[in-house]
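Structure, as C-alpha cells:
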Amino acid sequence: MTATDHALELVAAAARAASDKLATNIIAFDVSEQLAITDAFVLASASNDRQVKAIVDEVEDKLREIGSKPIRREGERDGRWVLIDYGEIVVHVQHEEERQFYALERLWRDCPAIKLPADVTGPRPA
C-alpha cells in the first residue's frame, strides 16, 4: 500500500506552508507500509523556537484552507519539536538541534521519499 492521493496533497500543502515560513531541510516519507496509523511524515527544521511556532501556525492555516484540521498537536509549549497529526499525515517541525539529535530521517530511511513541489526548500546539500 502507498500513501493516498489525498495524503500526498496534504504533504505538498504542508511542505509549501513550511517553506513559506523559511523552514529548511524539508523532506517527506511514505510510511504507509510500516505504519497503520498514518500514510506520510513531513519533516521540517527551524533555527529557533519562534520560527518553529510560525511554521506550525502556517501549516495549520494552509491545511485548514483545504479542509483539514489537526486531530492532535504535541510539543507546542516548548517550541522545540511540534508534531501535528492530521491522521493521513504527521508533520514534524523541529528546532535544528532536535532534528540533528533525533535524526528521524535516519530512522525512516528505508521508507520511500515523497517528491515535493519544486518551490519547496529541500534538504541541505551534502
Side-chain angles (χ1 to χ4, degrees):
M1 190 159 113
T2 60
T4 65
D5 289 341
H6 186 252
L8 296 175
E9 177 188 349
L10 295 177
V11 164
R16 269 201 185 97
S19 185
D20 288 348
K21 289 298 176 181
L22 307 179
T24 57
N25 205 16
I26 303 167
I27 57 175
F29 291 105
D30 181 336
V31 296
S32 60
E33 293 285 327
Q34 283 72 25
L35 297 175
I37 59 171
T38 193
D39 283 352
F41 281 168
V42 177
L43 309 177
S45 297
S47 59
N48 59 61
D49 302 358
R50 189 191 279 167
Q51 186 184 17
V52 168
K53 291 177 183 180
I55 293 166
V56 167
D57 289 345
E58 186 72 4
V59 167
E60 288 185 344
D61 288 347
K62 295 300 182 192
L63 268 62
R64 192 175 299 110
E65 286 176 12
I66 60 172
S68 291
K69 293 193 315 190
I71 296 168
R72 167 177 47 257
R73 183 180 339 141
E74 297 178 17
E76 191 171 32
R77 188 175 329 146
D78 297 330
R80 303 287 295 176
W81 178 356
V82 179
L83 179 150
I84 318 165
D85 183 354
Y86 285 91
E88 288 182 82
I89 73 165
V90 176
V91 180
H92 298 266
V93 182
Q94 296 176 295
H95 191 286
E96 290 169 351
E97 292 169 3
E98 271 67 12
R99 179 80 179 261
Q100 289 176 355
F101 182 79
Y102 290 101
L104 293 180
E105 49 270 67
R106 212 171 44 227
L107 182 65
W108 298 103
R109 70 176 166 236
D110 293 337
C111 297
I114 296 173
K115 185 170 173 43
L116 298 176
D119 59 340
V120 169
T121 307
R124 281 176 256 157

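When a residue number appears, it is its place in the shown sequence, counting from 1.
Partner of Glu97 under the side-chain contact (heavy atoms from CB on, under 4.5 Å) criterion, out of His95, Gln94, Gln100: His95 alone. For the side-chain contact (heavy atoms from CB on, under 4.5 Å) test with Ile89, the passing option among Ile84, Leu8, Thr4, Leu63 is Leu63; the others fail.
Closest approach of Asp49 and Asp78 over heavy atoms only: OD2-O, 3.8 Å.
Considering only heavy atoms from C-beta on, His6 comes within 4.5 Å of Ser68 through its side chain. The closest side-chain heavy-atom distance from Trp108 to Ile27 is not below 4.5 Å. Asp119 has its side chain within reach of Arg16: a pair of non-hydrogen atoms, C-beta onward, lies under 4.5 Å apart. Looking at Thr24 and Glu96, their side chains come closer than 4.5 Å, going by heavy atoms from C-beta outward. Under the 4.5 Å side-chain criterion, counting only non-hydrogen atoms from C-beta, Lys115 is not in contact with Val120.
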- Could you walk me through whether Val52 and Arg80 pass the side-chain contact (heavy atoms from CB on, under 4.5 Å) test, one step at a time? CA-CA 7 Å; Val52 168; Arg80 303 287 295 176; over 6 Å; no
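Follow the hydrophobic side-chain contacts under 4.5 Å out from Leu107 and you reach Val31 in the same cluster. Hydrophobic clustering (ILVMFWY, side-chain heavy atoms < 4.5 Å, transitive): Leu35 and Leu43 are in one cluster.
With Arg99 contributing its side chain and Asn25 its backbone, the two residues share a donor-acceptor pair below 3.5 Å. Checked by atom type and distance alone, the side chain of Gln51 pairs as donor or acceptor with a backbone atom of Leu22 at under 3.5 Å. Between the side chain of Asp85 and the backbone N or O of Arg72, no donor-acceptor pair lies under 3.5 Å. Listed for the Asp30 side chain is no donor-acceptor partner under 3.5 Å among the backbone atoms of Thr2. For Thr38 (side chain) and Glu88 (main-chain N/O), a donor-acceptor pair under 3.5 Å exists by modelled atom type.
Taking the six-membered ring where tryptophan is involved, the planes of His92 and Phe41 are perpendicular, since the angle between them exceeds 60° and thus also 30°.
The distance from atom CD1 of Ile37 to atom OG of Ser32, rounded to the nearest 0.5 Å, is 12.5 Å. Taken from CZ in Arg50 to CD1 in Ile55, the straight-line distance is 13.0 Å, to the nearest 0.5 Å. To the nearest 0.5 Å, atoms NZ (Lys53) and CG (Asn48) are separated by 10.5 Å. Atom CG of Asp57 and atom CD of Glu60 lie 6.5 Å apart (nearest 0.5 Å).
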